[in-house]
Colleague: 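Before I ask anything, let me first share the structure, which is written out below as structure tokens.
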Number of protein chains: 2
Amino acid sequence: MKPQTDTRARILNAAEKLFYAEGIGRVSVDAVAAAAGVTKRTLYYHFTSKDELIAAYLEARDQPNLARMTAWFVAAEGGVPAKVQAIFDELAKVARHPKWKGCGFLRTTAELAALPGHPAVKVGARHKAGFETWLAEQLDVAGLTPAKLLARQIILLLDGAFSASLTHRDPAYFIAAGQAAATLVACYAPKMK
Amino acid sequence: MKPQTDTRARILNAAEKLFYAEGIGRVSVDAVAAAAGVTKRTLYYHFTSKDELIAAYLEARDQPNLARMTAWFVAAEGGVPAKVQAIFDELAKVARHPKWKGCGFLRTTAELAALPGHPAVKVGARHKAGFETWLAEQLDVAGLTPAKLLARQIILLLDGAFSASLTHRDPAYFIAAGQAAATLVACYAPKMK
DNA sequence: CTATGTATACTGACTAGTGAGTATACATTA
DNA sequence: TAATGTATACTCACTAGTCAGTATACATAG
């Protein structure tokens, strides 16, 4: 039904913006409802709890985030090492935006570290695992080995860059991470250049 | 005076435990005071605000954390690459403990991402920068170049391992990060082995 | 050696406001 | 009329921070 879909989408949209901007613990359900232009009761009609809303927020970002990464990868010129580095370079650009506040998945996981069974934590883990799997496939297809280990190490550099760039408010960490990723690829498979 | 020091230390000790275990946003000042066995008013006698208490919590962890890292580095057998890898291996052990919940500095920075000027965020940035500087020196002394870039990339792997291990509740990410660090060192300076 | 003054370290009760979540009722649409 | 969606108006626990006052120690003045 249209009204439902529309209202639900507006709530989710407001939640995404506020949760990412302020952090899930610093945003009240009232604030989300107000930003969406609905009453709190309406929000609770569409989502049974704040925890569910938080999980839905991350779920909604899962595919778009992945799609953006793969788009950068596909669009980049050169071989796979260059394409991997392109992801870091693009993220460095994004991180320059004043509204950038790190990775929403990582930050939510950090906030909910005391609640490992929280639905949002599971969504976050699934998102990160999905990207690692996708990357391993790309490396494997390109003949870069060991694809799985390499993918994991690149993910580590990526998550580290999210954290360090946020800590120091300096996108240069993404550049250094991208260089490290390229170095690792080249080091394991020097022939591929 | 002894009583003051003692009380202040008890409050700080309670804050460290609770803030790390639950996250700064999920722990009330009342809870810290209760855990320390003092009234809230007494807590506010020693700390002017919760924000100051949070900053003091990280400040108190700065030196001990650094000391633990350097101790692992010093105690490890072999050359600098092996010593670097030892830090990751030791962290993997620590991460197996059920009470382990990632890096307190990173988690606090993530929670306070909306407040870049927060005193605790500054303490976190200083802590991470301090470790990066220390590591660069160790690499430089050992003749491993480029020491600064290498140190930064190893820090990125470290922060990534904190994040990914927390996300997946799997210390294996520390092992993979340690291998990546060793690979990078070997790759830049293959002669050093 | 007493009396008064003052700084330190602390307490219980409180305020003003916010938190998540809900009982009930009114509207729209199928 | 029955289901769906939205609103007003609440509950009650909890939040950071404060008020006004107290016990103790240690000064210095008489």
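Numbered from 1 within each chain, the chains take letters A, B, ... in sequence-line order. Keep in mind it's a predicted model, so treat the numbers as computed, not measured.
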Colleague: Identify all side-chain donor-acceptor contacts of residues 88-95 of chain A below 3.5 Å with residues at least two apart in sequence or on another chain.
Modeller:
{"residue": "A:Glu90", "atom": "OE2", "partner": "A:Lys93", "partner atom": "NZ", "Å": "3.2"}

Colleague: Flag yes if more than 12 heavy atoms outside A:Lys148 fall under 6.0 Å of its NZ atom; otherwise flag no.
Modeller: no

Colleague: Are more than 12 heavy atoms, taken from residues, nucleotides or ligands other than A:Lys101, located less than 6.0 Å from that residue's NZ atom?
Modeller: yes

Colleague: Under 4.0 Å: is that the gap between some side-chain N or O of B:His46 and OP1 or OP2 of C:dT8?
Modeller: no

Colleague: Identify, with sequence neighbours excluded, every residue that meets salt bridge (Lys or Arg N to Asp or Glu O under 4.0 Å) alongside A:Lys50.
Modeller: none

Colleague: Strictly below 4.0 Å: does A:Thr7 bring a side-chain N or O up to OP1 or OP2 of D:dT6?
Modeller: yes

Colleague: Taking atom P of D:dG5 as reference, at what distance in whole Å does atom CD1 of A:Ile11 sit?
Modeller: 11 Å

Colleague: Output yes when A:Lys122 and A:Glu59 qualify as a salt bridge under the 4.0 Å nitrogen-oxygen rule, no when they do not.
Modeller: no

Colleague: Could you state the atom-to-atom distance from CG of B:Leu53 to P of D:dG17 in whole Å?
Modeller: 10 Å

Colleague: When the distance from OH of B:Tyr45 to P of C:dT11 is rounded to whole Å, what number comes out?
Modeller: 12 Å

Colleague: Can you confirm if the NZ or CZ of A:Arg107 lies within 45° of the ring axis of A:Phe19 and under 6.0 Å from the centre of its six-membered ring?
Modeller: no

Colleague: Roughly how many Å is it from CG in B:Leu43 to P in D:dT18, rounded to a whole number?
Modeller: 12 Å

Colleague: Heavy atom of residues 12-41 of chain B under 4.0 Å from DNA chain C: which residues?
Modeller: B:Val38, B:Thr39, B:Arg41

